[in-house]
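Note: hydrogens, waters and symmetry copies are ignored here, and every other heavy atom, side chains too, is used. As the structure lists them, so they are numbered: ligands from 1, and atoms in each ligand from 1.
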Amino acid sequence: MSVAERAAWLRSEIARHDRLYYVEAHPVIEDAEYDSLWSELEALEREHPELITPDSPTQRVSGEPLEGFAKVRHDPPMRSLDKTYDRGELNQFDSFLHQQLPGETWDYVVEPKVDGVSISLLYRKGHFVRAATRGNGEIGDDVTANVRTIRSIPLSIPCEAELVEIRGEIYMTREGFAALNRLEDEAGREPFANPRNAAAGSLKLLDPREVARRPLDAVLYASGSLQGVSFDTHTEMMRTFKQWGFKTPPWLRLCLDMSQVMEALDELELQRHAFEFEMDGAVIKVNQRRLYAKLGSTAHAPRSARAYKYAPERAQTKLLGITVQVGRTGVLTPVAELVPVSLAGSVIARATLHNADMIHEKDIRVNDTVIISKHGDVIPAVDGVVHELRPAGTVPFQMPSVCPVCGGETMRLEGEVATRCINPECPAQRVGHLELFVSRNALDIAAIGGKMAEALVQSGLVIQPLDLFHLDCQKLATFRLIAEDGSERRFGKKAQDVQRALVRARTLPLHRWLFALGIPGIGETAARILAAPFKTFSELKTTHLFHEVTLFYDAVGRRAEDIPNKEQFAGEIVYRATALAHRGLVLRDDPARPIRDRFLLTIKPEMARTMIRFLASIYATHVFERLEALGINPVSEAPQESGTALTGKTFVLTGTLSRPRESIEAFIRAQGGVIQNSVSKKTAYLVVGENPGGTKYAKAQALSIPQLTEAQLLSMISENNHPTELNPEKVTESVTTPTATKTESKQYIQDDFLGDFV
Ligand code: AMP
Ligand code: ZN
């Protein structure tokens, strides 16, 4: 056998065993044997790269992370299905078909409706060439590299047809989903709400290597474009797909009439928890494919099939009590303690009540008889109360005003439904806090991921995240850490990684530190916004900007959401602040003041209030002291762009403007623009007010120099809404000596600066 033949044989053997293992769940060789096939093929391909074929199993995970997904046009479009919860409507569907297809006979197929993500797989002459998501039905994303990692999808099929487009669903198994969520949770990330979201999220990852680790699978039950192959019936097509090595619906009934369809629906309902995927209903299809074209489709769905959704499963039981759990992020979650009841294949004794609002809305009280259900989601929920069964003497639920774990203050952040324990030193949050601190977008101390954070806290080595900086590397390496489940761990060599990461952490930019501090309500995005106006941490600590933000919103009497055109509004503010600065009415002894104003609107009032509260807290004082002692003073990341839309451009003003000429000139200069007194070839724009001067105007026209109204001038800045740092010297030029004290400044802001804004 030649090397090429051997490689081909290995490939087909691996493909055969993959199919036996991943599709048929019936492996016939030991793992070790399978592994040796793999290593042999890998070795051959390493020596003879020219032998690598695109459908070699070694190519399932290959290539670099993608930049984004290319677009793919679906022909025919990938349609949805018309759905019903009502069996009567299914009978109407049957009557409709009879009316549309006089003289025809057909039967139906009933299949589970897989709750995943629609996918289209393209094979050319038997080779897998492309996978695409449904997208909007007409155009989807090319996710070939990601789908190639799914082992139950064959990379080649025994079909020489020119083009075969196979459609179906990518899903995450329930088990795989539970395992993934455990990992997400351990890594301190938000778990996925349900397997479908997890599958969709996985397919959208840009790094196929990451996708390969996600437990994805696929079931195929439809065709798209077919050239060189055809099927008479759906059942025949399913048989063929299976022979080609695809997973097809694991449950399928051929029904001769509607009464058999109804029986099949009953039977399938009993199976709804038996599948490894989540089933969100049944699909009823005409089996005879030649009728599909006759029936056609609506813009939304084919007329030859219907989805039937089962009512969510429910159970009735008694609410014994409501306990309140404190999550790793401090969120207080009320949990229903129930008389155990069986639902959807498992015994339920606890269910989430989500939050206080929900409890009040549904008026759920201890000792009530409640209805619980499992929807698509895994966690059962309390849907409502059987009011007729309410005993005397029940009282409405009240969320505890102190944290059940630490006794600390709780509060609801603006715009959130959750009540949180805001004590940053709450024991319930220690692990969560440390996890956040070391997480990738915070200080990125990867060696402390997963169970290590928990072990460090459990062992008492780290109470507050900053304790990390006091750990001795040698000690850390040998220290035996006991996790919650009793298991023992050691850092060993990883202690050095921790040490290195800590050294690096000292130099990470301000916004990462701000995020790492775990201030309730300040996520990654908020941290970026809040850090942007400051050069250093010390500057942020002593700022008055947050007060100004709240004052500003108080003054305009509006919430951030109520300002429809923020960009325009921001432009206006910069304008005025700059104009004021020019008149000597500077609010603070800070030359960067006019720039700062631009941040006034990027910072939401609730963020500002959170920061004010945080900065005033004992915890913050504590943290600042420690950071100072550690010599850590994070600095802002260098601004991405320098300058604004006006930078370096030359402007000439004419006519009467809404403000004194000087103030508008100052505004332009503050934005980096240059003012000229007369129009020349170098002039970039002529800013035109009312009754413009004839000469400038005429000259600008002659030289085809673009003209701007004042509003257009403002929008040049406001559209450039990415806050940018200006050259401070330039600004200083236009600002005269500050005179006002802080209290006066505030006064001024309210009375004049913002007076005619509203
Ligand atoms: P929906 O996404 O809820 O609008 O429902 C329509 C989708 O159900 C189709 O586009 C398919 O992706 C999906 N589906 C799941 N299982 C099946 C099945 N057995 N037959 C046809 N479509 C299915
Ligand atoms: Zn607490």
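In summary, Glu104 and Lys294 engage in a salt bridge, as defined by a charged side-chain N under 4.0 Å from a carboxylate O. One finds a salt bridge joining Arg412 and Asp357 here, because a Lys/Arg side-chain nitrogen approaches an Asp/Glu carboxylate oxygen to under 4.0 Å. A salt bridge between Arg272 and Glu269 is present, with a side-chain N of the basic residue lying under 4.0 Å from a carboxylate O of the acidic one. Ion pairing between a basic and an acidic side chain is recognised when a charged N comes within 4.0 Å of a carboxylate O; Asp142 and Lys71 show no such pairing. Salt-bridge annotation for Arg314 and Asp383: present, with a side-chain N of the basic residue lying under 4.0 Å from a carboxylate O of the acidic one. A salt bridge links Arg626 to Asp467: one of the charged nitrogens lies within less than 4.0 Å of a carboxylate oxygen. Between Glu337 and Arg350 there is a salt bridge, since at least one side-chain N of the basic residue sits less than 4.0 Å from a carboxylate O of the acidic one. Look at Glu276 and Arg174 and you find no salt bridge, because none of the NZ, NE, NH1 or NH2 atoms lies under 4.0 Å from a carboxylate O.
At the Zn ion (ligand 2), the angle from SG in Cys403 to SG in Cys406 is 110° when rounded to 10°.
Of all protein heavy atoms, the one closest to atom 14 (N) of ligand 1 is Tyr221 OH, 3.0 Å. Annotation: atom 6 (C) of ligand 1 to nearest protein heavy atom, Leu81 N, 3.5 Å. Among protein heavy atoms, the minimum distance from atom 9 (C) of ligand 1 is reached at Arg134 NH1, 3.9 Å. Looking only at heavy atoms of the protein, atom 4 (O) of ligand 1 is closest to Ser80 OG, 2.4 Å.
Residue-ligand proximity, Glu111 to ligand 1, at heavy-atom distances under 4.0 Å covers atoms 18 (C), 19 (N), 20 (N). Close contacts between ligand 1 and Lys285 involve ligand atoms 18 (C), 20 (N), 21 (C) [criterion: under 4.0 Å to a heavy atom]. Taking every non-hydrogen atom of Glu169 and a distance limit under 4.0 Å, the qualifying atoms of ligand 1 come out as 11 (C), 12 (O), 13 (C), 14 (N), 15 (C). Taking every heavy atom of Arg79 and a limit of under 4.0 angstrom, the matching atoms of ligand 1 come to 10 (O).
Between atom 3 (O) of ligand 1 and the options Met238, Lys83, Arg167, the minimum heavy-atom separation is to Lys83.
Considering backbone and side-chain N/O atoms, Lys309 never comes within less than 3.5 Å of an N/O atom of ligand 1. For the pair Val283 and ligand 1, the shortest N or O to N or O distance does not fall below 3.5 Å. Remark: ligand 1 and Val114 share an N or O pair separated by less than 3.5 Å (distance only, no angle test). Close N/O approach between Asp280 and ligand 1 is not found [any backbone or side-chain N/O within under 3.5 Å].
Glu165 and Ser120 share a donor-acceptor pair across their side chains, judged by distance under 3.5 Å alone.
Annotation: His98 is in aromatic contact with Trp106 [ring centroid separation under 6.0 Å].
Within the 4.0 Å heavy-atom shell around ligand 1 one finds Pro112.
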